[in-house]
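Only one structure is covered here, and it is reproduced in the block below.
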Amino acid sequence: MWFKKTRESKLQKKVKIPEGLWVKCENCKEIVYKKEIDKNLKVCPKCNYHFRISAKDRIKLLVDEGSFIEVDANIISMDPLNFKDSLPYPEKIKENQKKSGLREAAISGEALMNGYHVVLAIMDFSFMGGSMGSVVGEKIARAAETAIEKEIPFISIASSGGARMQEGMFSLMQMAKVSAVVGKLKDNGIPFISVLADPTFGGVAASFAMLGDIIIAEPRSLIGFAGPRVIERTMKQQLPDNFQRAEFLLEHGLIDMVVNREDMKKTLTLLIEFLS
Amino acid sequence: MKYYLEFEKPIEELELKIEELKRISDRKDMDISSAVRKLEKKAKELRTEIFSNLTPWQKTLLARHSDRPYTLDYINLLAEGFMELHGDRRFSDDPAIVGGFAKVNGIKTIIIGHQKGRGTKERIYRNFGQPQPEGYRKALRLMRFAERFKKPIVTFIDTPGAYPGIGAEERGQSEAIATNLMEMSRIKTPIISVVIGEGGSGGALALGVADRVFMLEHSIYSVISPEGCAAILWKKNGEMDAEESSKAADAMKLTAAAALRLTAQDLLAFKIIDDIIPEPSGGAHRDPEAVAKKISETISKSIEELSSKTPGKLIEERYKRLRRIGSFEIES
């Protein structure tokens with residue numbers, strides 16, 4: 001049915017880049033040569049759709065070559081709840097480590113950005129949906145503390161479905177923990193720039209990600225507290241066009257700007273230059 | 001009419017029998033008090049037995065029980081001279097969060113809490129205890145007010161979660177919650193939180209960053225509802241149609257409730273909360289006055305302890321308390 005189809009297209013579906021030479025852009029539905037997308041920072045050359053990218057790719061895009069020094073890579077998850085769904089939680093972690101080539105859903109470290117010394121915490125959606133458990137919370141907290149100690153700016157890049165269920169209340173409390181640390185950044189006059197990438201939801205949106213002195217989003221990123229499907233079910237009505245997109249948040253005064261991936265490093269550098 | 005949960009059926013049967021006997025004895029002027037006493041003793045034993053072995057899902061049902069006392073019930077029972085204050089000064093007044101000043105055991109406090117409604121009309125008016133961003137902003141306004149006038153803050157937590165709606169998103173639900181988390185971590189007066197029913201995720205935590213956190217014996221506190229968790233984690237059975245998968249999720253909510261470790265007892269063991277406030281056998285709604293008295297004692301004692309601390313010390317300790325929470329290890 002035609003109406004059903006348009007409705008569905010408004011709900012955001014996972015955009016994955018399939019294997020192979022050609023890719024169908026989820027936004028404009030054009031078939032694009034994969035190499036062309038890769039060369040274009042994983043942005044659709046036809047419609048400027050920003051595909052999800054890995055934390056490692058982001059580092060390459062944002063920092064001066066070879067300047068990134070990862071810290072806290074050795075913080076690893078425990079299983080406080082003894083949680084098991086399709087797999088026991090420790091096995092799920094291993095599976096995600098293998099799949100993503102990452103140890104956790106966030107990477108943190110120090111780097112130079114056009115010569116400016118900064119601390120970065122970058123989330124990766126491919127590791128358990130970028131969910132924030134104890135390790136992600138601790139990495140963000142430590143990264144912010146390093147920024148305070150060294151008096152340099154803190155930049156976070158969020159991409160997450162929210163708090164990690166498998167650690168229960170430990171995950172929920174990470175929201176309070178990282179928000180309290182952002183409070184310390186503010187007390188100490190340390191600039192905090194929060195970049196929101198597709199998607200940023202739940203416990204990550206409702207903690208550090210929405211607390212930046214400056215909040216920047218990538219074009220068309222989905223950002224919100226509750227997922228669009230939950231809202232559609234609750235409201236029993238069709239969601240407005242562009243609902244929970246970066247541009248929607250900009251229009252509603254919730255973020256400072258929407259910036260293309262290719263301009264992100266330049267924009268961040270200008271902000272840091274102004275703030276320092 | 002009392003409302004009984006499924007697992008309370010044996011108690012219901014006994015209690016109905018007792019009432020029936022009492023009615024007969026009144027009418028016929030018979031003395032059957034010894035029989036009644038015996039049955040009452042039996043009912044009490046049965047209640048104790050059932051309520052000391054509740055499953056996490058049964059506790060979830062109890063935490064959401066429609067007769068369970070809500071924030072305003074406790075305020076009426078334990079506080080004097082409550083004066084409600086309204087509005088976030090920006091957009092509206094959210095009835096899903098109430099707040100104002102009152103005295104607890106003679107101590108001037110600001111009390112804030114989620115508010116559910118009783119009966120269809122009030123339930124809708126209170127939006128089932130699911131706040132809009134304005135509710136959180138009102139709460140923060142009152143907390144800042146408390147800070148300015150050096151009054152301790154008491155919060156009651158009882159919500160299924162922050163409201164997932166279009167307007168809530170447009171007006172920054174995430175930002176409202178995040179701001180409360182950050183600001184509560186550095187409010188310069190004591191904050192005491194009591195989970196009285198349902199502690200539903202970020203929408204609960206947004207009133208729950210405190211120096212002392214207590215839970216009623218049969219309350220719950222969770223990162224996600226058992227239903228939500230079941231729907232996400234056990235939905236992947238691709239072959240099931242909608243009805244089948246919703247049935248499966250229904251069954252899985254029991255498993256999810258247990259897996260999430262959301263009971264007061266679990267969270268005390270994890271050191272995420274400070275203590276448990278006991279409930280009478282049968283749950284808080286069986287004797288709200290007694291529960292209110294215990295809450296009031298707990299609050300006064302905590303305020304007394306915390307009032308001796310300088311604002312700097314108070315904030316430092318609150319920060320450390322949050323900062324240490326996490327379950328991880330450092331690999332060498």
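Sequence lines set the chain letters: A, B, ... in the order given, protein chains first and strands last, and positions in each chain run from 1.
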message: Is any side-chain heavy atom of A:Lys184 closer than 4.5 Å to one of B:Arg323?
response: no

- request: Let me know if B:Ser327 has heavy atoms under 4.5 Å from chain A in its side chain, its backbone, both or neither.
  value: both

message: Go through it in stages, so that I can follow the logic: the residues are B:Ser201 and A:Leu172, the test is side-chain contact (heavy atoms from CB on, under 4.5 Å), and I'd like the CA-CA distance, side-chain angles, deciding distance and then a yes or no.
response: CA-CA 7 Å; B:Ser201 196; A:Leu172 191 75; 3.8 Å; yes

message: Between B:Arg321 and chain A, with a heavy-atom cut-off of 4.5 Å, which part of the residue counts as in contact: side chain, backbone, both or neither?
response: neither

A:Met169 side chain near B:Phe270 side chain, heavy-atom distance below 4.5 Å: no

query: Tell me, side chain or backbone of B:Arg186 under 4.5 Å from chain A's heavy atoms, or both, or neither?
result: side chain

Contact class of B:Ile325 relative to chain A, heavy atoms under 4.5 angstrom: both

query: Does the B:Glu169 side chain pair with the main chain of A:Ala226, one donor and one acceptor, at a distance under 3.5 Å?
result: yes

query: Taking side chain as C-beta onward, heavy atoms only, is A:Gln237 less than 4.5 Å from B:Ile166?
result: yes

task: Could you tell me which portion of B:Ala256 (side chain, backbone, both or neither) has an atom closer than 4.5 angstrom to a non-hydrogen atom of chain A?
output: neither

- request: Please state whether the side chain, the backbone, both or neither of B:Tyr221 comes within less than 4.5 Å of a heavy atom of chain A.
  value: both

Closest-packed option against chain B by number of heavy-atom pairs under 4.5 Å, given A:Arg164, A:Glu167, A:Gln166, A:Arg142: A:Arg142

message: Run the salt bridge (charged side-chain N to carboxylate O under 4.0 Å, His left out) test on B:Arg324 and A:Glu138 for me, step by step, so that the C-alpha distance in whole Å, both residues' side-chain angles and the decisive distance to 0.1 Å come before the verdict.
response: CA-CA 9 Å; B:Arg324 73 173 166 77; A:Glu138 185 67 19; over 6 Å; no

- prompt: Just wondering, are more than 12 heavy atoms of other shown residues or ligands nearer than 6.0 Å to NZ in B:Lys188?
  reply: no

